[in-house]
Amino acid sequence: MTYARREEIFSKDVITVSELQEIMGFGNRAQASQKINEIKRTVGDRLRMEGKIHIEDYLEYFNITDKQRYVKPIN
């Protein structure tokens with residue numbers, strides 16, 4: 001995965017199953033879907049949409065507090 005692709009994914013509010021599969025390097029969609037469900041059970045489900053998680057839920061689940069790394073700096 002390139003940095004540009006990672007930036008593209010994290011610039012949105014929502015991460016889909018296929019995007020999580022890309023980010024995590026899972027071999028199939030089922031693994032990504034299981035991880036999304038685990039994230040939803042652990043930190044909550046802001047979106048209440050099947051197959052998608054909010055970026056904030058992802059960051060909270062992985063305890064990522066330095067969000068600057070995931071957003072494009074404004075010059």
Side-chain angles (χ1 to χ4, degrees):
M1 168 178 288
T2 65
Y3 184 80
R5 177 64 178 138
R6 180 178 292 277
E7 190 175 75
E8 180 184 334
I9 292 170
F10 283 101
S11 69
K12 304 179 299 173
D13 290 332
V14 175
I15 298 175
T16 65
V17 172
S18 55
E19 289 170 337
L20 187 65
Q21 181 181 355
E22 258 185 276
I23 293 166
M24 304 288 296
F26 290 135
N28 59 54
R29 289 176 54 89
Q31 290 175 296
S33 182
Q34 288 173 345
K35 183 56 77 176
I36 281 181
N37 290 331
E38 183 179 324
I39 291 169
K40 288 179 177 185
R41 281 191 305 272
T42 304
V43 299
D45 182 9
R46 295 169 210 246
L47 292 177
R48 307 218 187 307
M49 296 174 72
E50 188 175 326
K52 298 179 181 181
I53 56 171
H54 195 277
I55 188 72
E56 290 290 330
D57 294 337
Y58 173 90
L59 296 173
E60 186 176 330
Y61 177 81
F62 287 104
N63 199 28
I64 299 171
T65 55
D66 181 15
K67 297 174 186 172
Q68 291 301 98
R69 175 178 173 193
Y70 294 92
V71 295
K72 187 174 184 175
I74 300 172
N75 295 329

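Values below: every heavy atom of this structure, side chains too, minus hydrogens, waters and symmetry copies. Residues: numbered from 1 along the sequence shown. Small disclaimer: the values here were computed from a predicted structure and weren't measured.
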*Excluding sequence neighbours, so at least two apart, what forms side chain to side chain contact (heavy atoms under 4.5 Å, CB included) with N63?*
T65

_Set out, in order, the CA-CA distance, both residues' side-chain angles and the distance that settles side-chain contact (heavy atoms from CB on, under 4.5 Å) for L20 and Y58, then state yes or no._
CA-CA 10 Å; L20 187 65; Y58 173 90; 3.7 Å; yes

*Is the side chain of T42 donor-acceptor paired with the backbone N or O of E38 at a distance under 3.5 Å, no angle test?*
yes

*Would you please name every residue forming a side chain to side chain contact (heavy atoms under 4.5 Å, CB included) with R48, sequence neighbours left out?*
D45

*In chain order, what residues pass the side chain to side chain donor-acceptor pair (under 3.5 Å) check against E50, with sequence neighbours excluded?*
none

*Find the distance between CE (M1) and CD (E7) and round it off to the nearest 0.5 Å.*
12.0 Å

_Side-chain touch K35/Y61, heavy atoms, less than 4.5 angstrom_ = yes

_R6 and I23: CA distance, side-chain angles, deciding distance, side-chain contact (heavy atoms from CB on, under 4.5 Å) verdict_ = CA-CA 7 Å; R6 180 178 292 277; I23 293 166; 4.0 Å; yes

*L47, I36: one ILVMFWY side-chain cluster at the under-4.5 Å cut-off?*
no

*asked:* Quick check for you: to the nearest 0.5 Å, what is the distance between Q34 atom CD and N28 atom CG?
replied: 8.0 Å

*With sequence neighbours excluded, what pairs up with R46 under the side chain to side chain donor-acceptor pair (under 3.5 Å) test?*
D57, E60

*Given side chains that start at C-beta, do those of I55 and V14 come closer than 4.5 Å, heavy atoms only?*
no

*Under the side chain to side chain contact (heavy atoms under 4.5 Å, CB included) test, which residues partner E19, sequence neighbours left out?*
R5, I9, K12, I15, T16

_Taking every non-hydrogen atom, the tightest pair across M49 and K40_ = O-NZ, 2.7 Å

*Sequence neighbours left out, what passes salt bridge (Lys or Arg N to Asp or Glu O under 4.0 Å) with D13? Give chain and number order.*
none

